[in-house]
Peer 1: 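Take a look at this one; I'll ask things after.
For clarity, every value in this text was computed on a predicted model and none was experimentally measured. Chain A is the first sequence line, chain B the second, and so forth, proteins listed ahead of strands; every chain is numbered from 1.
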Number of protein chains: 2
Amino acid sequence: MSTPCICTTLRSASRRMASFYDEAIAPVGVNIAQFSLMRTIARAAPLTLTELGRLTDLDRSTIGRNVRVIEKMGLVELGRGEDQREAVVTLSDAGRQVLADGAPLWDAAQQTLDERLGVETMRNLRSMLDSL
Amino acid sequence: MSTPCICTTLRSASRRMASFYDEAIAPVGVNIAQFSLMRTIARAAPLTLTELGRLTDLDRSTIGRNVRVIEKMGLVELGRGEDQREAVVTLSDAGRQVLADGAPLWDAAQQTLDERLGVETMRNLRSMLDSL
DNA sequence: CCACAATGCGGGCATATACCCGCATCCATG
DNA sequence: CATGGATGCGGGTATATGCCCGCATTGTGG
């Protein structure tokens, strides 16, 4: 056999990691994709779906659907911009609460990893992943 | 801001990498998840869906659905085992052909990464991901 | 000013993925 | 040998993701 496929390894690690974080922040009622999306929204709101897509490097249609899910949960609000085509996203109070409640859980998960792998390794990993 | 979320970074890298490999092996008509699944099947066939799930660390229902897709493409065959409950998977001739045709494309993608990041870095990355 | 290109979205379609439930089959124990 | 627990699957439901098409709005060149 040749070298194991880095892509498969990466995808597998991504699933495991997502599962780990999902479990960690489950108490606040969202998954890691939603939590992460909300964090991005919190940083940049108000912003359009297209901008959000650019920030997260996700397809705009993906963003649209994902935002609708957390909108139905009452965590974000969707409105129209000056440009009537734009859908503008903002966090709701409930959404801010979820972010606040989730932050320590998220930090704890992060710290667990830091302890398990070492801060240095984590830093390395992050920089490698970014350079992909 | 605290440290960027390793989970988000990982998920993002996973998407980019999958996209990169998808493009590389697109000529043979499957995506990287399917190709990787077929490689696992090739290594272990004949095997049951549950075994395949264990090998790939994927949920059995996910395996069932994914296998059905490549079965419809004529790349694998599904039969019953001695144990009438088991669904046994084997590669078809067309499937073997896809693996053969895809191998050099897959190798090329891998090599592109090795060149871009350095073999040493890639090795490091792989071992970190495995340890997650 | 107006037709046409550009932009922003929603919806359709497809795959990947997980969890849970129910059904069929198998197996071990009384 | 019969019955209950264990095992293997399929299907339902839900999210995440990408691509493409069509519609509405905006902006621009003639």
Side-chain angles (χ1 to χ4, degrees), chain A residues 7-8 10-23 25-26 29-38 40 46-73 75 78-89, chain B residues 7-8 10-23 25-26 29-38 40 46-73 75 78-89:
Chain A
C7 178
T8 305
L10 190 49
R11 281 163 39 82
S12 170
S14 170
R15 285 195 301 272
R16 284 197 304 276
M17 190 62 79
S19 165
F20 176 70
Y21 273 80
D22 278 349
E23 219 172 297
I25 64 168
V30 296
N31 64 32
I32 189 63
Q34 294 164 339
F35 192 75
S36 165
L37 185 57
M38 288 174 62
T40 303
L47 79 173
T48 69
L49 297 186
T50 295
E51 288 166 345
L52 192 47
R54 253 194 300 271
L55 285 178
T56 55
D57 198 36
L58 287 172
D59 190 87
R60 198 199 44 66
S61 69
T62 297
I63 292 291
R65 291 172 230 280
N66 293 1
V67 164
R68 238 171 300 155
V69 172
I70 52 179
E71 186 207 11
K72 280 202 182 109
M73 293 180 190
L75 304 178
L78 275 172
R80 288 286 153 189
E82 273 185 48
D83 184 332
Q84 288 298 304
R85 293 169 300 183
E86 296 176 342
V88 175
V89 191
Chain B
C7 179
T8 304
L10 191 48
R11 280 163 41 81
S12 171
S14 170
R15 284 195 301 272
R16 284 197 304 277
M17 190 61 78
S19 168
F20 176 69
Y21 272 80
D22 278 350
E23 220 172 298
I25 63 167
V30 296
N31 64 32
I32 188 61
Q34 294 164 338
F35 192 74
S36 165
L37 186 57
M38 287 173 62
T40 303
L47 79 175
T48 70
L49 297 185
T50 296
E51 287 166 345
L52 193 46
R54 252 193 301 272
L55 286 178
T56 54
D57 197 36
L58 287 173
D59 189 86
R60 197 198 46 67
S61 69
T62 298
I63 292 292
R65 291 174 228 279
N66 293 1
V67 164
R68 238 171 301 155
V69 172
I70 52 179
E71 186 208 9
K72 279 199 183 113
M73 294 180 190
L75 305 178
L78 275 171
R80 288 285 152 187
E82 273 184 49
D83 184 332
Q84 287 299 303
R85 293 169 301 182
E86 296 176 342
V88 175
V89 192

Peer 1: Sequence neighbours excluded and cut-off under 3.5 Å, please list the side-chain donor-acceptor pairs for residues 55-65 of chain B, or say none.
Peer 2:
{"from": "B:Thr56", "atom 1": "OG1", "to": "B:Leu52", "atom 2": "O", "distance (Å)": "2.8"}
{"from": "B:Thr56", "atom 1": "OG1", "to": "B:Gly53", "atom 2": "O", "distance (Å)": "3.4"}
{"from": "B:Asp59", "atom 1": "OD2", "to": "B:Ser61", "atom 2": "N", "distance (Å)": "2.9"}
{"from": "B:Asp59", "atom 1": "OD2", "to": "B:Ser61", "atom 2": "OG", "distance (Å)": "2.6"}

Peer 1: Using whole Å, report how far CD of B:Gln34 lies from P of C:dT15.
Peer 2: 7 Å
Peer 1: For B:Arg68, check side-chain hydrogen bond (donor to acceptor under 3.5 Å, both in side chains) against everything at least two apart and list the hits.
Peer 2: none
Peer 1: Got a sec, which residues hit side-chain contact (heavy atoms from CB on, under 4.5 Å) with B:Ala13, two or more places apart in sequence or on another chain?
Peer 2: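 Partners of B:Ala13 by the side-chain contact (heavy atoms from CB on, under 4.5 Å) criterion, ordered by chain and then number, come out as A:Leu10, A:Leu129, A:Leu132, B:Arg16.
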Peer 1: Any chance you could list the contact pattern along nucleotides 24-29 of chain C? Use B for base contacts, S for sugar-phosphate-only contacts and - for none, protein heavy atoms under 4.0 Å, 5' to 3'.
Peer 2: BBS---
Peer 1: What's the spacing between A:Met38 CE and A:Leu75 CG if we round to 0.5 Å?
Peer 2: 4.5 Å
Peer 1: Of all heavy-atom pairs between B:Asp83 and B:Arg85, which one has the smallest distance, and what is that distance?
Peer 2: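 Reported closest heavy-atom pair: OD2-NH2, 2.6 Å.
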Peer 1: Nearest heavy atom decides the nucleotide; on that basis, is B:Arg11 or B:Arg54 closer to the 5' end of DNA chain D?
Peer 2: B:Arg54
Peer 1: Within this structure, what is the CE-to-C1' distance between B:Met17 and C:dA16, rounded to whole angstrom?
Peer 2: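 So the two atoms are 18 Å apart, to the nearest Å.
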Peer 1: Which of residues 59-67 of chain B sit near DNA chain D, with a heavy atom under 4.0 Å from it?
Peer 2: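 The stretch gives B:Arg60, B:Ser61, B:Arg65 as the residues lying under 4.0 Å from the strand, ordered by number.
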Peer 1: Indicate yes or no for a side-chain donor-acceptor contact from A:Arg80 to the backbone of A:Val88 under 3.5 Å, with no hydrogens or angles considered.
Peer 2: no
Peer 1: Quick one: CZ on A:Phe35 to CG on A:Asp22, what's the gap to the nearest 0.5 Å?
Peer 2: 11.5 Å
Peer 1: So, using side-chain hydrogen bond (donor to acceptor under 3.5 Å, both in side chains) as the criterion, who are the partners of B:Thr50 when residues are at least two apart?
Peer 2: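 With neighbours one apart ignored, the set is empty.
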Peer 1: With a 4.0 Å cut-off on heavy atoms, is B:Thr48 in touch with a base, just the backbone sugar-phosphate, or nothing at all?
Peer 2: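 Sugar-phosphate, no base atom in range.
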Peer 1: For the pair made of CD1 in B:Ile70 and C1' in C:dT15, what is the distance, rounded to whole Å?
Peer 2: 12 Å
Peer 1: For residues A:Ala18 and B:Arg11, report the shortest heavy-atom separation together with the two atoms involved.
Peer 2: CB-CD, 4.2 Å
Peer 1: Return the CD1 to OG distance between A:Ile25 and A:Ser36, rounded to the nearest 0.5 Å.
Peer 2: 9.0 Å
Peer 1: Give the C-alpha distance, both sets of side-chain angles, the deciding distance and a yes or no for side-chain contact (heavy atoms from CB on, under 4.5 Å) between A:Leu78 and A:Leu49.
Peer 2: CA-CA 10 Å; A:Leu78 275 172; A:Leu49 297 186; 4.2 Å; yes
Peer 1: Can you tell me if B:Gln34 uses its side chain to pair, donor with acceptor, with the backbone of B:Asn31 under 3.5 Å?
Peer 2: yes
Peer 1: Could you give the start and end, 5' to 3', of the contact zone on DNA chain D for chain B, using atoms under 4.0 Å from its heavy atoms?
Peer 2: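 Nucleotide range in contact with chain B: D:dA6 to D:dG18.
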Peer 1: Can you pull every protein N or O that's under 3.5 Å from an N or O on nucleotides 3-5 of chain C?
Peer 2:
none

Peer 1: Would you give the length of the straight line joining atom CD of A:Glu23 to atom CD1 of A:Ile32, rounded to the nearest 0.5 angstrom?
Peer 2: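 Going from CD on A:Glu23 over to CD1 on A:Ile32, the span is 12.5 Å.
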Peer 1: Take atom CG of B:Leu37 and atom P of C:dT15, then tell me their distance rounded to the nearest Å.
Peer 2: 14 Å
Peer 1: Quantify the bending of the helix from C:dC1-D:dG30 to C:dG30-D:dC1 as the angle between its end axes, each fitted on five pairs, to 10°.
Peer 2: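 If I round to tens, the end axes sit 0° apart.
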